Amino acid sequence: MAETKREIERKYESDDSGLPDLTGVAGVAGVLDKGTAELDATYYDTSDLRLASASITLRRRTGGSDAGWHLKLPVGPGVRDEIRAPLSDTVPDELAGLVRSRVREGQLVAVVRLRSARDVRDLVDADGRLLAEASVDTVRAERLFGGKGSAQWSEIEVELADDGDPALLDKVEKRLRKAGVRPSKSASKLARALAETKGGHPHPEDGGPAEPVTAGDHVMAYVRAQRDAIVELDPAVRQDAEESVHDMRVATRRLRSTFRSFGKVLDRDVTDPIADELKWLAGELGVGRDHEVLAERLTAAFDELPPTLVAGPVRERLKKWSKAGEKGSRRRLLGVLDSARYLTLLDTLDALVADPPVLKAAGKKPEKVLAQAVRKDFAKVSALIEEAVEQPPGTDRDFALHEARKKAKRTRYAAETSVPALGRPAKDLVRSMKSLQSLLGDHQDSVMARTTLRELSAVAHAAGENGFTYGVLYAREERRAERVEEAVPGEWKETSGSMEV
């Protein structure tokens, strides 16, 4: 079973002078010599170094206190999540899954071997508590695939202890700089090894997109960002990280909306089939997510009821219903992420980004093209809001408000795409559409909650249980929806009055 550790560290270029004295660093009461460890690590990647391009490292290492397989995923500058698995002859399935959105149908091969002599020092406080680990690594690198040759260097590494104060790293760095030690130009040992053994290291920034100039540039910048989000969120979704499923689902929706909103920029004969696949993926991501959100809403509403309004085993039935929705959804989602259909979708998105299916309008100046698309989407929201307000309360109004919510999302995403070109008016529209979307979302959640409450009440009645509490919850949800409906005209008047795009 793999375990995850948040790693916060900094690397420095070192000569043969070793580690400067750090006992004077504020907060550091002692520097303990922990001896020298011999480390032997083999790094794996695809033949075209897709992991290295994304600043991801996968290695099998022996020696030291944490021998095993290590997968490091970037979180921010100097911060990575390290997922560890026990030693084995082949890449553990769990770690292979976490890089599948990068590797896809490719093969992982050994690309570099690093052998290091690590001289370790523990930085401790007055109570002997570990603050950070400082080490001097003497590294020998050997290229195994995609290049040739070897390299050797020394570097200093300072890694913060678990739950340590990042400010300590600033203090240590200040002392190191005074001693002539310089921050490393390479983000990792692997990056340096690849650069120094020839064959090249594809940095993420190399060959990046130019500053947006045309309408097509702006649209494709947004498309590229959503493609990147899906790929980057894949490991988090597999690990069931908080909000990861929601965030990936939003990225799929943003892409679909962009294809529809900017049909005069990107050829829909090409993008429509991709949008269909994105809709499939969003649906799969939502299988467990929608149920989870609804369960949280109903449980919270039940918890607010005074005991006098609770009749029968309502809490137990809610728990049973909630667990029934969770059953199998996690396994199903992992199967989707490992499926050929999903991996093909990622390849298709890559191809779209590499060779956009642009139309004539893509080459025009962005202000007019993007503004027209945003206004068109806004007009659809307006028509649906007016239709909903004119309808009497009931199914037709519920449907119109739900459709207005979906179009509000699309308008919001079109405005997001346009912010770099249109500036403040687009930003203001994003904000107002988000507010409207939230209001209408609460209404739709109430519609779904009432449907579920009717179903639960019927099941309870069939089991001979009292359905009173379900009726109370239903009435409260009904009133909640009424309040939203009462607020919609005012919300829309304010939104439409400030529309400047």
Side-chain angles (χ1 to χ4, degrees), residues 1-13 37 39 41-46 49-61 63-86 91-92 94-103 108 111-112 114 116 118 120 123 130-135 137 139 141 155-170 172-173 183-195 201-205 228-229 231-244 247:
M1 183 67 178
E3 60 174 322
T4 302
K5 178 180 182 297
R6 177 62 55 89
E7 178 184 83
I8 303 176
E9 66 178 17
R10 297 183 187 179
K11 296 180 181 293
Y12 303 89
E13 296 180 359
L39 309 177
T42 300
Y43 287 77
Y44 289 77
D45 205 333
T46 58
L49 301 178
R50 297 176 202 171
L51 300 187
S53 295
S55 299
I56 295 171
T57 60
L58 173 63
R59 73 186 179 202
R60 181 186 187 275
R61 191 170 77 182
S65 60
D66 61 347
W69 285 90
H70 305 153
L71 172 64
K72 297 191 179 187
L73 303 172
V75 176
V79 183
R80 295 185 290 183
D81 278 341
E82 181 179 271
I83 300 97
R84 299 174 178 175
V91 179
E94 185 172 355
L95 300 191
L98 293 176
V99 296
R100 189 154 291 129
S101 65
R102 304 284 183 181
V103 176
L108 289 168
V111 294
V112 166
L114 295 181
S116 305
R118 170 164 289 181
V120 182
L123 310 185
L130 180 65
L131 301 174
E133 178 184 280
S135 63
D137 293 347
V139 185
E155 68 179 36
I156 291 174
E157 184 177 292
V158 183
E159 181 176 346
L160 195 67
D162 294 344
D163 301 320
D165 182 1
L168 175 68
L169 296 182
D170 294 331
V172 171
E173 180 166 312
S184 176
K185 296 177 182 178
S186 298
S188 66
K189 289 183 177 65
L190 175 62
R192 183 165 181 173
L194 289 171
H201 172 210
H203 293 282
E205 64 270 17
D228 291 349
V231 174
E232 290 166 7
L233 283 164
D234 181 288
V237 171
R238 292 174 186 269
Q239 293 178 292
D240 201 21
E242 186 176 1
E243 293 298 309
S244 59
D247 291 344

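Fair warning: this is a prediction, and the values are worked out from it, not measured in the lab.
Dense packing is recorded around CD of E243, with more than 12 heavy atoms of other residues, nucleotides or ligands lying under 6.0 Å away.
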Are E13 and R192 close enough, and set up right, to give a side-chain contact (heavy atoms from CB on, under 4.5 Å), and what steps lead you there? CA-CA 11 Å; E13 296 180 359; R192 183 165 181 173; 4.2 Å; yes
Quick one: do L98 and L58 satisfy side-chain contact (heavy atoms from CB on, under 4.5 Å)? Show the steps, please. CA-CA 10 Å; L98 293 176; L58 173 63; over 6 Å; no
When you look at E232 and I56, which way does the side-chain contact (heavy atoms from CB on, under 4.5 Å) test go after all the steps? CA-CA 11 Å; E232 290 166 7; I56 295 171; over 6 Å; no
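The backbone N or O of A167 lies less than 3.5 Å from a partner atom in the side chain of D165, making a donor-acceptor pair.
With respect to R102 and D45, no salt bridge is recorded, no charged nitrogen being found less than 4.0 Å from a carboxylate O. Ionic pairing of E7 and R80 is present here: one or more N-O contacts between side-chain nitrogen and carboxylate oxygen are shorter than 4.0 angstrom.
The nearest pair of heavy atoms linking A191 to A187 is CB-N, 4.4 Å. Minimum heavy-atom separation, T57 to L190: CG2-CD2, 3.7 Å. The two residues P92 and P86 come nearest to each other via the heavy atoms CG-O, 4.5 Å. E173 and Y12 get closest at one heavy-atom pair: OE1-OH, 2.8 Å. A pairwise comparison of heavy atoms in L95 and V91 identifies CB-CG1, 4.5 Å as the closest pair. The two atoms that bring Q239 and T4 nearest to each other are NE2-OG1, 3.4 Å, heavy atoms only.
Here NZ of K72 is found 11.0 Å from CG of D81. Values are rounded to the nearest 0.5 Å. Remark: L160 CG to L168 CG distance equals 6.5 Å, nearest 0.5 Å. A distance of 12.0 Å separates CG of D163 from CG of L131, quoted to the nearest 0.5 Å. Atom CD in E159 sits 9.5 Å away from atom CG in L130 (nearest 0.5 Å).
Of the options R6, R59, K5, a salt bridge (Lys or Arg N to Asp or Glu O under 4.0 Å) to E82 is made by R59 and by none of the others.
A search for side chain to side chain contact (heavy atoms under 4.5 Å, CB included) contacts involving A67 returns L87, not counting sequence neighbours. With sequence neighbours left out, the salt bridge (charged side-chain N to carboxylate O under 4.0 Å, His left out) criterion links E157 to K11, R118, K189. For D234, the side-chain hydrogen bond (donor to acceptor under 3.5 Å, both in side chains) criterion is met by R238, Y342, not counting sequence neighbours. Scanning for ring pair (Phe, Tyr, Trp, His ring centres under 6.0 Å) contacts around Y44 gives W69, with sequence neighbours left out. Residues passing the side chain to side chain contact (heavy atoms under 4.5 Å, CB included) test with A193, sequence neighbours excluded: V112, L114, A141, W153. Shown here are the salt bridge (charged side-chain N to carboxylate O under 4.0 Å, His left out) partners of D66, two or more places apart in sequence or in another chain: R61, R84.
Contact of the P235 side chain with the V99 side chain is not registered, since no non-hydrogen atoms from C-beta on lie closer than 4.5 Å.
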